[in-house]
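Report on the structure given below.
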Protein chains: 2
Amino acid sequence: METVEKLTKVLRNHSMKITPQRLMIFQILENNTSHPSAEEIFKRVKDIYPTVSFTTIYKTLEVLCDLGELRELTIDDARKHYDPNTNTHHHIICTSCKKILDVFEDFSPHVKLPESFRENYMISNFQVSFYGICKECN
Amino acid sequence: METVEKLTKVLRNHSMKITPQRLMIFQILENNTSHPSAEEIFKRVKDIYPTVSFTTIYKTLEVLCDLGELRELTIDDARKHYDPNTNTHHHIICTSCKKILDVFEDFSPHVKLPESFRENYMISNFQVSFYGICKECN
DNA sequence: AAGCTAACAAACAACTATTATCATTTAAAA
DNA sequence: TTTTAAATGATAATAGTTGTTTGTTAGCTT
């Protein structure tokens with residue numbers, strides 16, 4: 001199912017309202033693999049709804065995160081990034097330009113929490129972050 | 001070599017000054033596996049040097065990071081954490097209490113950047129972050 | 001279609017973590 | 001001891017984000 005459709009449904013199921021601003025955000029997130037920050041999303045919505053406020057963006061992103069439809073990435077130390085793909089996958093970030101790319105490789109057969117932690121933690125997921133320099137920055 | 005001694009040497013080699021404030025920070029970092037935030041370090045230094053400023057803490061942490069003697073962790077979305085162990089290792093964070101523990105397991109034989117990225121990236125390191133709930137929080 | 005109401009958007013203020021500025025102080029070399 | 005480059009700390013500034021308020025609206029109900 002497409003993102004816009006899916007998110008619309010999920011919000012409806014929680015008796016939340018589908019507003020033009022939110023639809024716009026859904027559209028921006030659809031098939032988005034660029035890991036945008038709140039500001040990037042804000043700018044793009046602003047192009048079409050010049051009166052939209054930053055608060056609305058933050059609030060909507062918060063709602064989507066709470067519903068598990070969006071993942072917050074803390075891979076960049078300057079700001080949060082958002083990823084509509086909530087399936088387990090990994091990232092590579094250029095430490096120079098901060099660009100983040102997806103790494104779709106299933107490491108789960110090999111990356112397991114050591115025995116000693118098993119009884120003390122309920123693991124929900126894990127994330128591999130590769131750090132390096134991209135070709136453009138080198 | 002102990003942390004205090006090592007960091008003193010490294011700073012001297014870069015003609016930087018060893019101040020009591022810095023020595024205090026070095027001591028706090030020594031064998032520290034609690035991944036403190038700047039604020040936690042600030043508070044502990046303040047206990048002994050009540051006049052110390054936050055700026056000094058941040059500056060010193062920045063210096064140590066630049067010299068590669070300290071690693072900045074971006075695993076918590078609220079604030080940065082610092083880890084004096086700069087050898088490759090991994091972390092598990094409780095999404096409830098935000099406690100961070102070390103995971104010493106060598107995943108490097110299995111976690112490799114896919115072929116497609118190899119020619120476009122110079123990877124310096126990778127990091128596995130496990131997210132879950134610890135026993136105390138559950 | 002009209003009315004209702006919880007949820008919403010936007011304006012704005014506030015907050016938190018961090019960084020910058022700069023005058024004063026100090027480590028440590030000469 | 002003198003010198004000087006560097007560090008400190010007071011203060012202000014900034015960036016990113018969150019909280020509050022008030023008028024508005026989506027979407028249900030009738």
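Proteins get letters first, then strands, A, B, ... in listed order; numbering begins at 1 in each.
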>> I'd like to check the ring pair (Phe, Tyr, Trp, His ring centres under 6.0 Å) partners of A/Tyr82; sequence neighbours left out, ordered by chain and number.
In response: none
> Heavy-atom contacts under 4.0 Å between residues 77-86 of chain B and DNA chain C, which residues?
Replying inline: B/Ala78, B/Arg79, B/Lys80
> Just how far, in rounded Å, is P of D/dA10 from CZ of B/Phe54?
Replying inline: 14 Å
> Just by distance, with hydrogens left out, do B/Asp83 and B/His91 show a side-chain donor and acceptor under 3.5 Å apart?
Replying inline: yes
>> Expressed as a whole number of angstroms, how long is the span from B/Asp76:CG to D/dG16:C1'?
In response: 15 Å
> Do B/Leu73 and B/Ile28 share a hydrophobic cluster, counting only Ile, Leu, Val, Met, Phe, Trp and Tyr and linking them when any side-chain heavy atoms are less than 4.5 Å apart?
Replying inline: no
>> Between B/Arg71 (side chain only) and B/Asn85 (backbone N and O only), is there a donor and an acceptor less than 3.5 Å apart?
In response: no
> When the aromatic ring centroids of B/His35 and B/His81 are compared, is their separation below 6.0 Å?
Replying inline: no
> Looking only at heavy atoms, which two atoms of B/Glu30 and B/Val4 are closest? And how far apart?
Replying inline: OE1-N, 2.8 Å
>> Strictly below 4.0 Å, N to O, side chains only: are A/Lys135 and B/Glu119 in salt-bridge contact?
In response: no
> To the nearest 10 degrees, what angle separates the axes at the start and end of the helix from C/dA1-D/dT30 to C/dA30-D/dT1, five pairs each?
Replying inline: 30°
>> Short of 4.0 Å, heavy atom to strand atom, which residues of residues 32-46 of chain B count as contacting DNA chain C?
In response: none
>> Donor-acceptor check, side chain of B/Asn138 to backbone of B/Cys134, threshold 3.5 angstrom: yes or no?
In response: no
>> Is there a side-chain contact between B/Val128 and B/Phe126 in this structure, where contact means two heavy atoms from C-beta onward sitting under 4.5 Å apart?
In response: yes
>> Need to verify one output field. Residue with the more 5' nearest nucleotide on DNA chain D, B/Thr56 or A/Tyr58?
In response: B/Thr56
> Would you call the rings of B/Phe117 and B/Tyr121 parallel, tilted or perpendicular if under 30° counts as parallel and over 60° as perpendicular?
Replying inline: perpendicular
> Quick one: what's the B/S/- string for nucleotides 19-30 of chain D, heavy-atom cutoff under 4.0 Å, read 5' to 3'?
Replying inline: BB----BBS---
> For the ring pair B/His90 and B/Phe130, is the centre-to-centre distance below 6.0 Å?
Replying inline: no
> Should A/Lys112 and B/Glu105 count as an ion pair when the cut-off is N to O under 4.0 Å?
Replying inline: no
> Is A/Glu62 paired with A/Lys59 through a side-chain N to carboxylate O contact shorter than 4.0 Å?
Replying inline: no
>> Can you give me the first and the last nucleotide of DNA chain C (5' to 3') that has an atom within less than 4.0 angstrom of a non-hydrogen atom in chain A?
In response: C/dA6 to C/dC12
> Once you round to the nearest 0.5 Å, how far does CD1 of A/Ile133 lie from OG of B/Ser124?
Replying inline: 7.0 Å
> Is B/Lys43 salt-bridged to B/Glu39, going by a charged N under 4.0 Å from an acidic O?
Replying inline: yes
